[in-house]
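First comes the structure, then the notes that go with it.
Start at 1 and go down the list; that is how both ligands and their atoms are numbered. Quick note: numbers below take in every heavy atom, side chains included, and nothing from hydrogens, waters or symmetry partners.
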Amino acid sequence: MPPRTAVFFHAHPDDEALLTAGTMAMLAAEGHRVVLVVATAGERGLADMEPGEELGRTRLKELYESAALLGCARVECLGYGDSGLSPKGGVADERPDNAFIDADTEQAAGRLADILREEEAELLSIYDPAGGYGHPDHVQVHRVGRRAAELAGTPIVLEATVDRDPLVRLLRLAGKVYRFPPEFDVRTFESAYSPGEVITHRVNVRKYTRQKRAAMAAHASQAKGGDGDRTLAVLLKVPGPLYRLVFGTEWFVRRDVPPGTRLRHPLDPWPS
Ligand SMILES: [Zn+2]
């Protein structure tokens with residue numbers, strides 16, 4: 001396969017490590033150019049540090065470290081404000097003036113499309129329409145990403161997701177052996193992400209799970225300390241063999257191929 005360029009669009013630093021790190025590391029190892037774009041610096045994420053600019057700077061530094069571990073050739077931050085999450089989930093009432101959720105879709109898409117054109121990207125990775133677990137900035141990544149691919153004529157658009165069926169099974173199993181903090185509720189995963197039948201790509205990334213784990217650990221502000229209820233902190237406690245099982249596959253939905261199609265590689269052509 002001749003080298004191509006794949007752009008991975010994420011909402012906040014650490015989303016790349018959780019959702020697409022294995023695929024990014026695999027594509028880079030195969031000689032493709034991997035570009036990481038985040039919409040925000042994640043300055044309102046949960047951390048020991050107060051939300052704000054300094055946290056944003058710390059999280060961008062963590063992002064560069066993670067990107068280097070995964071073999072990214074370029075990292076860009078669009079510089080929108082992290083919209084945050086209301087305590088009930090959903091859109092927070094108090095948010096910065098330039099919150100990503102309030103950004104004009106057409107304008108934000110135009111900025112991403114400029115990068116796609118400049119890179120002559122073959123592939124753009126975004127999120128499913130529900131934004132995975134529903135963070136407003138993740139839903140916005142879907143909208144903006146879809147439109148950007150239209151504007152730039154990017155041939156392959158993949159929606160990074162998780163096959164929720166095995167995820168919920170494994171979390172239940174893990175919960176019997178490891179004590180998850182009470183705030184970590186497995187039930188929130190039951191309506192998140194995507195059911196197995198709509199998934200078109202199951203990418204085997206077992207060879208890259210060490211890099212993926214290292215990328216997660218690079219996001220130290222999200223992975224350590226505090227009350228320990230952060231998703232990253234919980235996931236980093238999963239021991240090696242189980243980790244490979246849970247994180248050895250990454251899932252994507254490609255909407256222009258029939259549901260139920262099974263493609264293995266993100267750059268697989270369609271019709272094949
Ligand atoms: Zn996020």
Closest His12 atom to the Zn ion (ligand 1) [N, O or S only]
ND1

In Asp15, what N, O or S atom is nearest to the Zn ion (ligand 1), if we give its atom name?
OD2

Backbone or side chain, does His138 get an N/O/S atom under 2.8 Å to the Zn ion (ligand 1)?
yes

Can we say Asp114 and Arg117 salt-bridge, meaning some charged N sits less than 4.0 Å from an Asp/Glu carboxylate O?
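A salt bridge links Asp114 with Arg117.
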
Arg57/Glu53 salt bridge by N-O under 4.0 Å criterion:
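Salt bridge: yes.
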
Phe9 and Leu124, any side-chain heavy atoms less than 4.5 Å apart
yes

Does the side chain of Glu30 pick up a donor-acceptor pair with the side chain of His265 at under 3.5 Å?
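Side-chain D/A pair, Glu30 to His265: present.
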
